[in-house]
Every structure is written in structure tokens, then in C-alpha cells.
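Position 1 is the first residue of the sequence; numbering continues from there.
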Amino acid sequence: MITSEITDLWGIYNTRQHLDPADLTKAIENQARSGDLDYRTRLLIHDSLDALKDYWGEERLSAWLARSRVRKRLEDIQHEVFNDDTGFPSLRGRVMDVTRPETIKAFLRELGMHIRRPLKVSVGGSIACILTGYLSRKTEDIDVVNEVPAELRCQHELLRELHERYDLKLGHFQSHYLPSGWEQRVHSQAPFGDLQVFLVDVYDVFLSKLTSIREKDKDDLVRLAPQLDKGILTEKLKRTMQSTFASEELKKRAESNWYILFGEALPS
């Protein structure tokens, strides 16, 4: 399952860590037009509209509602009184402009225009999952495996301009955090000029995050787990993570995260 294909309101609420206003408004309208408006669905629409008002401001929300073809239905739900006090409180913190694949590709195309010879880089982390549709969230970091090539990292003015324009920046992480043999499973992207980008496989990204204590990595694990085949994941973990688990600390992190995700001991 790829989250970018999900357009219904309950679907994006349940699968996306961050909710882009453009996707959320489309999903709200789709839900309203569908006529499937039971109590909990109306409450979800109501709280989604409140979250948009917090993020956009009342004036922009009103302007959007005025253009909507289901304005009357949405305004009725907006003013409805609900007896359920809990609602969906997490919505307010999840509505934000996400990093879109098109933005990442534009960054890479412009970057590729400023190199004088063919370069190859492998990219992992959340960017690899966003470009393949498994994650939809905000990030600033394009994480290159091992190091950013010198020809790129020395162009400080260009990288500053690109950061300002796209809200993205180049970073790096060491390959020893990835499962063994990861480089044989990367996925080639269409060239960005003279820049050739290979994406770390989503299963390898998942397993690399399994040993993390960072909250954003744990959030990504929760979003990725339902989309991956657990059997394949287990087989890859047993076959490719033994060198990583030589570190007792990293193995304990993986055991904890696996238990949280699946409610069982880490496969051995």
C-alpha cells in the first residue's frame, strides 16, 4: 500500500503522520460528496476544519469554504454541536505543508545542473520513502549514504539558495546503520542532469530505523509497518541485521521497537 494513493478522509487520517492542507481539503470534500456521513465521520470533518482554521487562519478557511461545491454541507457540519468531548485532538499538530516528491525532484534537478561531471549518490531515510510514496510528512533532510560528494558540499552559496527555495538541505549518515547488502537493493531514479540518484529500498530504511531512539524515526516505523510484508521484513531482518545486532545497545533498541510495533519478541 502506498499512502500517496489514499484520498479518502479516514484513509489519510489513519496512515499519514503529517496532513498537507491541499490533501486534507480534497479528502474532506470527497467525504462530504460521498454521503457517508455518520456521527464519527462528521466529527472528523468538524475537527479537520478546526485544525485547518488553526493552521491557515479563519479568513483563509472561509475563503476556501466559499469556493467549495459542498460548502453548505461543510458549514452545517462546522456549526454542528457534538457531544463527544474527545474528538480528534491530534489533528491540530499534524496539519502542515508536507515535503512533496515534486519538490524533492525539483531540488535534485537544479542541483544536477551545477555539477561538471556525472555523480552518483545513494539516498536513504524519510526522503527515500517520500519519493516512493510510503511516507507523507515534512522533512528538510536529504540523507546521502556515507558522505555528500565534495563537488556538491563545496558549493555553499548554491546549497544555501536551494535551502531557501525548497526548504531542503543535503545531509549524510553512515552506511553501517543500514542492513548488510543494502547497496545491491537500491532503486535507480531517472537522472537529474548529471546527478544519478539511487534510493535505499524501503525495507532497508525500515530496518535502519528499527535501531533508532529518535521520535521521528519511531513515528516513521509506525506509518511504514502496515504497508510492508511482515514475512519479507522478518526474513530480511534475520539475514541482513546480524552485524548491526553485534552492538548490544542497537539490538535492545530493535527489540523494544519491534515489540511496540508487533507485540512480540524480535525474530532471531
Side-chain angles (χ1 to χ4, degrees), residues 1-3 15 17-18 99 104 108 119-153 168-189 195-268:
M1 178 176 64
I2 299 180
T3 58
T15 61
Q17 180 181 348
H18 297 162
T99 302
I104 301 167
L108 294 172
L119 287 179
K120 296 180 180 181
V121 296
S122 294
V123 172
S126 61
I127 288 288
C129 297
I130 291 170
L131 280 173
T132 49
Y134 285 94
L135 288 178
S136 176
R137 72 168 175 88
K138 176 69 176 175
T139 186
E140 288 189 357
D141 302 313
I142 297 179
D143 292 321
V144 175
V145 183
N146 286 328
E147 65 176 6
V148 179
E151 187 167 342
L152 296 178
R153 67 173 183 266
L168 289 166
K169 60 185 178 181
L170 293 178
H172 67 95
F173 69 101
Q174 296 305 308
S175 60
H176 63 252
Y177 289 108
L178 289 169
S180 62
W182 66 270
E183 66 277 7
Q184 300 169 24
R185 298 184 290 273
V186 295
H187 304 280
S188 176
Q189 301 298 286
L195 181 64
Q196 182 66 61
V197 175
F198 297 86
L199 300 181
V200 175
D201 184 77
V202 64
Y203 283 90
D204 290 327
V205 173
F206 181 96
L207 291 173
S208 71
K209 289 177 179 286
L210 195 62
T211 59
S212 177
I213 57 174
R214 300 191 306 174
E215 293 303 316
K216 63 181 180 180
D217 287 332
K218 291 183 177 183
D219 291 342
D220 288 346
L221 288 172
V222 169
R223 302 296 169 185
L224 290 172
Q227 302 179 69
L228 303 183
D229 185 300
K230 188 182 173 187
I232 295 175
L233 194 59
T234 299
E235 185 273 329
K236 287 181 178 292
L237 181 146
K238 292 179 179 180
R239 181 166 50 85
T240 67
M241 293 291 284
Q242 296 311 306
S243 60
T244 301
F245 292 160
S247 164
E248 194 63 31
E249 180 182 359
L250 293 181
K251 186 175 182 180
K252 285 182 178 179
R253 293 180 188 177
E255 288 172 340
S256 175
N257 287 329
W258 188 273
Y259 175 75
I260 291 169
L261 292 167
F262 302 113
E264 61 187 35
L266 186 73
S268 58

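Take H187 and apply the side-chain hydrogen bond (donor to acceptor under 3.5 Å, both in side chains) test, not counting sequence neighbours, and it matches D201. Residues forming a salt bridge (charged side-chain N to carboxylate O under 4.0 Å, His left out) with E249 (at least two apart in sequence, or on another chain): R253. Taking the side chain to side chain contact (heavy atoms under 4.5 Å, CB included) definition, one finds that A254 meets it with L210, T211, F245, L266, sequence neighbours left out.
Separating the CZ atom in R137 from the NZ atom in K216 is a distance of 6.0 Å, to the nearest 0.5 Å. The distance from the CD1 atom of I213 to the NZ atom of K218 is 7.5 Å, given to the nearest 0.5 Å. A distance of 13.0 Å separates OG of S208 from CD of Q174, quoted to the nearest 0.5 Å. Distance check: I127 CD1 to L168 CG gives 5.5 Å after rounding to the nearest 0.5 Å. Taking OG of S122 as the reference point, atom CG of N146 lies at 8.5 Å (rounded to 0.5 Å). The CG atom of L178 lies 10.5 Å from the NZ atom of K209; values are rounded to the nearest 0.5 Å.
For the residue pair R185 and T240, the shortest heavy atom distance occurs at NH2-CG2, 4.0 Å. Considering every non-hydrogen atom in both V145 and S175, the closest pair reads CG1-CB, 3.6 Å. Between V222 and P226, the closest heavy-atom pair is O-CD, 3.2 Å. Across all non-hydrogen atoms, the minimal contact from G125 to D143 is CA-OD2, 4.3 Å. Between L108 and I142, the closest heavy-atom pair is CD2-CD1, 4.5 Å. Heavy-atom minimum distance, S126 versus T139: OG-OG1, 3.6 Å.
In this pair, F262 and F206 present their aromatic rings tilted. The plane angle is within the 30 to 60° band.
Panel note: side chain Q196, backbone Q189; a donor-acceptor pair is recorded below 3.5 Å. With hydrogens and angles ignored, the 3.5 Å screen pairs no side-chain donor or acceptor of D204 with any backbone N or O of P179. At least one donor-acceptor pair closer than 3.5 Å links the side chain of Q227 to the backbone N or O of Y134. In this structure, R153 contributes its side chain and V148 its backbone to a donor-acceptor pair below 3.5 Å. Looking only at distances, a side-chain donor or acceptor of N257 sits under 3.5 Å from a matching main-chain atom of S212.
For the pair L237 and W258, the minimum side-chain heavy-atom distance is below 4.5 Å. Counting heavy atoms from C-beta on, the side chains of C129 and L224 come closer than 4.5 Å.
For NE2 of H172, the number of neighbouring non-hydrogen atoms (other residues, nucleotides, ligands) closer than 6.0 Å is 12 at most. The local environment of CZ in F198 is crowded, with over 12 non-hydrogen atoms from other residues, nucleotides or ligands closer than 6.0 Å. When the shell of 6.0 Å around NZ of K252 is examined, it contains 12 or fewer heavy atoms from other residues, nucleotides or ligands.
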